[in-house]
Amino acid sequence: MRALLIAVMLLVVTPAWAVQPDEILSDPVLEERARDLSKGLRCLVCRNESIDESNASLARDLRILLRERLVAGDSDQEAVDFIVNRYGEYVLLNPPASGSTWLLWAAGPLMLLLAAGLGYGYLRGRSTAPAADQTPLSAEEQARLDDILNK
């Protein structure tokens with residue numbers, strides 16, 4: 001029972017990588033480079049998973065392609081550039097803030113500033129709005145309210 005509990009805890013704690021044993025390179029240095037690079041590449045099927053975490057067949061193809069480029073002698077940047085040229089900048093989990101992605105990088109802060117400006121304008125408008133008419137209840141209205149509350 002204790003061994004089963006330990007085994008379950010180890011499975012929960014350790015990351016579940018999708019890399020298959022037949023994909024792993026025999027050279028540990030190249031394999032480590034491949035793992036580091038694949039953590040920054042997006043699975044085009046799963047969207048927000050790296051190809052290292054995804055079980056999709058396209059992610060497997062990308063892992064194999066990346067390893068083939070590294071075995072062929074490409075540098076890390078050359079291997080990533082090859083995949084980006086083939087699949088576009090979308091394949092990068094953290095695209096550079098240049099070219100077509102500058103608007104995406106700027107959209108978050110711009111929306112925050114816009115929301116802050118709208119909120120400030122709304123609050124400022126409320127503070128300068130004329131006060132609502134606060135006339136006291138007439139004797140008849142007060143009697144009616146007392147009657148309703150005492151029932």
Side-chain angles (χ1 to χ4, degrees), residues 1-135 137 145 148-149 151:
M1 183 63 174
R2 179 187 247 183
L4 179 63
L5 180 62
I6 291 172
V8 169
M9 287 177 57
L10 285 175
L11 287 175
V12 171
V13 172
T14 59
W17 303 115
V19 178
Q20 302 298 314
D22 62 332
E23 298 173 29
I24 297 175
L25 297 173
S26 59
D27 183 1
V29 174
L30 279 179
E31 179 61 28
E32 185 63 31
R33 282 177 55 201
R35 287 288 178 102
D36 288 341
L37 293 176
S38 65
K39 289 176 187 170
L41 296 174
R42 178 190 319 270
C43 172
L44 299 173
V45 175
C46 305
R47 305 267 167 102
N48 283 330
E49 282 186 356
S50 72
I51 61 172
D52 205 32
E53 300 167 335
S54 175
N55 286 319
S57 61
L58 181 60
R60 175 181 165 82
D61 293 343
L62 286 172
R63 288 192 302 265
I64 291 171
L65 178 62
L66 178 65
R67 284 167 171 76
E68 287 173 356
R69 299 305 306 172
L70 293 176
V71 169
D74 284 0
S75 69
D76 292 356
Q77 191 60 47
E78 289 171 338
V80 170
D81 287 344
F82 180 82
I83 292 174
V84 168
N85 287 337
R86 185 174 270 191
Y87 295 97
E89 280 187 346
Y90 183 73
V91 78
L92 298 173
L93 274 173
N94 193 11
S98 64
S100 62
T101 60
W102 72 269
L103 183 60
L104 293 174
W105 281 100
L110 288 175
M111 293 305 251
L112 178 65
L113 290 174
L114 178 66
L118 289 173
Y120 176 76
Y122 174 75
L123 292 176
R124 180 144 169 109
R126 282 189 54 172
S127 68
T128 59
D133 188 18
Q134 299 272 339
T135 57
L137 295 177
L145 179 63
I148 291 171
L149 291 175
K151 281 188 180 180

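Keep in mind it's a predicted model, so treat the numbers as computed, not measured. Residues: numbered from 1 along the sequence shown.
- Atom-to-atom distance recorded for L70:CG and L37:CG is 6.0 Å, nearest 0.5 angstrom.
- With values rounded to the nearest 0.5 angstrom, D36 atom CG is found 9.0 Å from D52 atom CG.
- At a threshold of 4.0 Å, the pair R33-D76 counts as salt-bridged, since one of the basic side-chain nitrogens sits closer than that to a carboxylate oxygen.
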Hey, mind stepping through Y87 and L62 against side-chain contact (heavy atoms from CB on, under 4.5 Å) and telling me if it holds? CA-CA 10 Å; Y87 295 97; L62 286 172; 3.2 Å; yes

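- Partners of L110 by side-chain contact (heavy atoms from CB on, under 4.5 Å), not counting sequence neighbours, listed by chain and number: A106.
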Going through the checks in order, is the side-chain contact (heavy atoms from CB on, under 4.5 Å) test met by L58 and C43? CA-CA 7 Å; L58 181 60; C43 172; 5.6 Å; no

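- Atoms CD and CG, on E49 and N55 in that order, are 7.5 Å from each other to the nearest 0.5 Å.
- Separation of atoms OG (S38) and CD1 (I83) is listed at 9.0 Å; rounding is to 0.5 Å.
- Here the side chains of F82 and L65 are in contact, with some heavy-atom distance below 4.5 Å.
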Could you walk me through whether E31 and R67 satisfy the salt bridge (charged side-chain N to carboxylate O under 4.0 Å, His left out) test, starting with their C-alpha distance in whole Å, then the side-chain angles of each, then the deciding distance to 0.1 Å, before giving a yes or no? CA-CA 8 Å; E31 179 61 28; R67 284 167 171 76; 2.7 Å; yes

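- Separating the CD1 atom in I51 from the CG atom in D61 is a distance of 10.0 Å, to the nearest 0.5 Å.
- In this structure N85 satisfies the side-chain hydrogen bond (donor to acceptor under 3.5 Å, both in side chains) test with no other residue, sequence neighbours excluded.
- Residue R42 is tested with L92, N94, N48 for a side-chain contact (heavy atoms from CB on, under 4.5 Å); the sole match is N48.
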